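Below is one structure, written out as structure tokens; comments come after it.
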Amino acid sequence: MPELPEVETIRRGLQRLEGTTLADVDVRERRLRRRIDVAALQALCGRRIARLGRRAKYLLFEAERGGGMIVHLGMSGRLFLVAPGSPPQPHEHVSWWFERDGESVELRFQDPRRFGLVAARRHGSVSDHPLFAGLGPEPFDAAFSPGYAYRATRGSRRPVKNALMDARFVAGVGNIYASEALWRAAINPKTRAGRISRRRWQRLLEAVVEVLQDAIAEGGTTLNDFRSATGDPGYFQIALRAYDREGASCARCGGTIRRIVQVGRSTYYCPGCQV
DNA sequence: CGTAGACCCTGCGCGC
DNA sequence: TGCGCGCAGGGTCTAC
């Protein structure tokens with residue numbers, strides 16, 4: 001479920017935790033993508049949360065005076081606040097309690113497939129975590145420019161879809177939005193990245209930014225099982241023009257949307273107008 | 001070096 | 001109705 005717009009929507013919903021103090025943590029299942037370091041998490045208890053941040057699809061809980069937590073939702077992760085006293089449901093692997101003025105809220109992490117990640121850092125900047133070494137620019141960052149994309153892909157023979165999905169090239173563009181951005185820019189996903197002109201890169205980068213921003217404005221769209229941090233299901237849904245529309249007609253040219261597989265992931269595009 | 005493929009894990013929908 | 005199969009929004013590691 002979580003692509004970058006969902007993670008950003010959750011981050012905004014969790015900003016109410018800024019200024020609270022992490023009081024307690026309970027880990028019921030350590031085996032995620034990486035084993036949870038429970039001692040490192042517990043060492044953060046008593047610390048005040050200064051800021052909720054995001055890097056790619058990672059949520060950052062930055063503590064005052066350094067250190068903090070990193071949460072990634074993987075494919076099936078959810079992060080939400082629960083009513084006091086509600087018993088843990090299956091796959092709800094971690095709980096955190098945050099306090100302010102004697103009031104306590106519980107945040108829960110649920111992840112059936114366990115591709116998610118929860119990590120802690122005792123000192124220093126959370127964004128210096130080794131997880132982020134080698135990550136490319138954020139899609140909304142000025143460093144993600146047509147000139148950068150053009151230079152970074154000279155000589156590359158891989159399909160442009162693969163480049164969009166490569167976190168070293170650009171961080172946080174997932175499978176849905178890679179297809180959607182290519183549709184908006186009318187670029188065939190199989191086009192070799194090294195053969196895309198500077199002008200077309202500009203169009204593609206604008207499409208990436210626009211589709212992500214549209215999705216965030218819609219409240220973190222994508223598929224219909226999304227819940228925000230406060231449990232609101234109501235948002236739905238950005239108009240997907242290509243993704244999951246195999247056999248449907250293209251909204252631009254009336255052609256038929258096709259599904260192909262690239263790097264083991266489904267890609268959807270219109271052979272009629274994406275050239 | 002760049003790239004493709006396997007793999008981690010559970011749940012769901014579909015066809016038989 | 002029940003079962004097996006393929007597929008799913010992510011990221012990392014290995015082998016070529």
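In what follows, chains are A, B, ... by sequence order, proteins preceding strands, each numbered from 1. The basis for the numbers below is simple: all heavy atoms, side chains too, and nothing from hydrogens, waters or symmetry mates. Keep in mind the model is a prediction, meaning the values are calculated, not measured.
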Looking at residues at least two apart in the chain, or sitting in another chain, which of them share a side chain to side chain contact (heavy atoms under 4.5 Å, CB included) with A:F115?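 Scan of A:F115 (side chain to side chain contact (heavy atoms under 4.5 Å, CB included), adjacent residues dropped) gives A:M75, A:R113.
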Salt bridge (charged side-chain N to carboxylate O under 4.0 Å, His left out) against A:R51, all qualifying residues, sequence neighbours excluded: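 So A:R51 forms a salt bridge (charged side-chain N to carboxylate O under 4.0 Å, His left out) with A:E62.
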Just checking A:F80 against A:W96, ring centres under 6.0 Å apart?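 No, they do not, as the ring centres are separated by 6.0 Å or more.
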Please check if the distance between the ring centroids of A:Y243 and A:Y269 is under 6.0 Å.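 Ring centres of A:Y269 and A:Y243 not closer than 6.0 Å.
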Looking only at side chains, do [X] and [Y] share a donor and an acceptor under 3.5 Å apart?
| X | Y | value |
| --- | --- | --- |
| A:R48 | A:T21 | no |
| A:N175 | A:K161 | yes |
| A:S95 | A:R28 | yes |

Would you say the side-chain atoms of A:R114 pair up with the backbone N or O of A:L32, donor to acceptor, closer than 3.5 Å?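 Between the backbone of A:L32 and the side chain of A:R114 there is no qualifying donor-acceptor contact (under 3.5 Å).
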Has the side chain of A:E99 got a donor or acceptor atom that lies under 3.5 Å from a matching backbone atom of A:S104?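 Looks like no, no N/O pair under 3.5 Å.
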How many whole angstroms separate atom [atom1] of [X] from atom [atom2] of [N]?
| X | N | atom1 | atom2 | answer |
| --- | --- | --- | --- | --- |
| A:N175 | C:dA8 | CG | C1' | 10 Å |
| A:R259 | C:dA8 | CZ | C1' | 10 Å |
| A:E246 | C:dA8 | CD | P | 10 Å |
| A:L212 | C:dG9 | CG | P | 16 Å |
| A:I260 | C:dC7 | CD1 | P | 14 Å |

Using a cut-off of less than 4.0 Å, is there contact between a side-chain N or O of A:S76 and OP1 or OP2 of C:dA8?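 Checking C:dA8 against A:S76, no side-chain N or O comes under 4.0 Å of OP1 or OP2.
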Under 4.0 Å between a side-chain N or O of A:Y177 and OP1 or OP2 of C:dG9?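 Checking A:Y177 against C:dG9: no side-chain N or O falls below 4.0 Å of OP1 or OP2.
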With heavy atoms under 4.0 Å as the rule, sort A:N162 into base, sugar-phosphate or nothing.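 Sugar-phosphate, backbone atoms only, no base.
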Could you work out, with ring pair (Phe, Tyr, Trp, His ring centres under 6.0 Å) as the rule, every residue matching A:H93, not counting sequence neighbours?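 Ring pair (Phe, Tyr, Trp, His ring centres under 6.0 Å) check on A:H93 returns nothing, list empty.
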Could you write nucleotides 11-16 of chain C as a row of B, S and -, 5' to 3', where a protein heavy atom under 4.0 Å of any base atom gives B, of only sugar-phosphate atoms gives S, and otherwise -? SS----
Gap in Å between the two P atoms, one belonging to C:dC3 and one to B:dC9, rounded: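 Per the computed distance, 24 Å lies between those P atoms.
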Between which nucleotides of DNA chain B, read 5' to 3', does contact with chain A run, using atoms under 4.0 Å from its heavy atoms?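 Counting from the 5' end, contacts occupy B:dT3 to B:dG11.
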Only stems of 3 or more consecutive Watson-Crick or G-U pairs count here, both distances under 3.5 Å; name the ones for DNA chain C, or none.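 Detected stem regions: B:2-8 with C:10-16, B:10-16 with C:2-8.
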How many angstroms lie between atom CH2 of A:W97 and atom CD of A:E106, to the nearest 0.5 angstrom?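 With rounding to 0.5 Å, CH2 (A:W97) is 4.5 Å from CD (A:E106).
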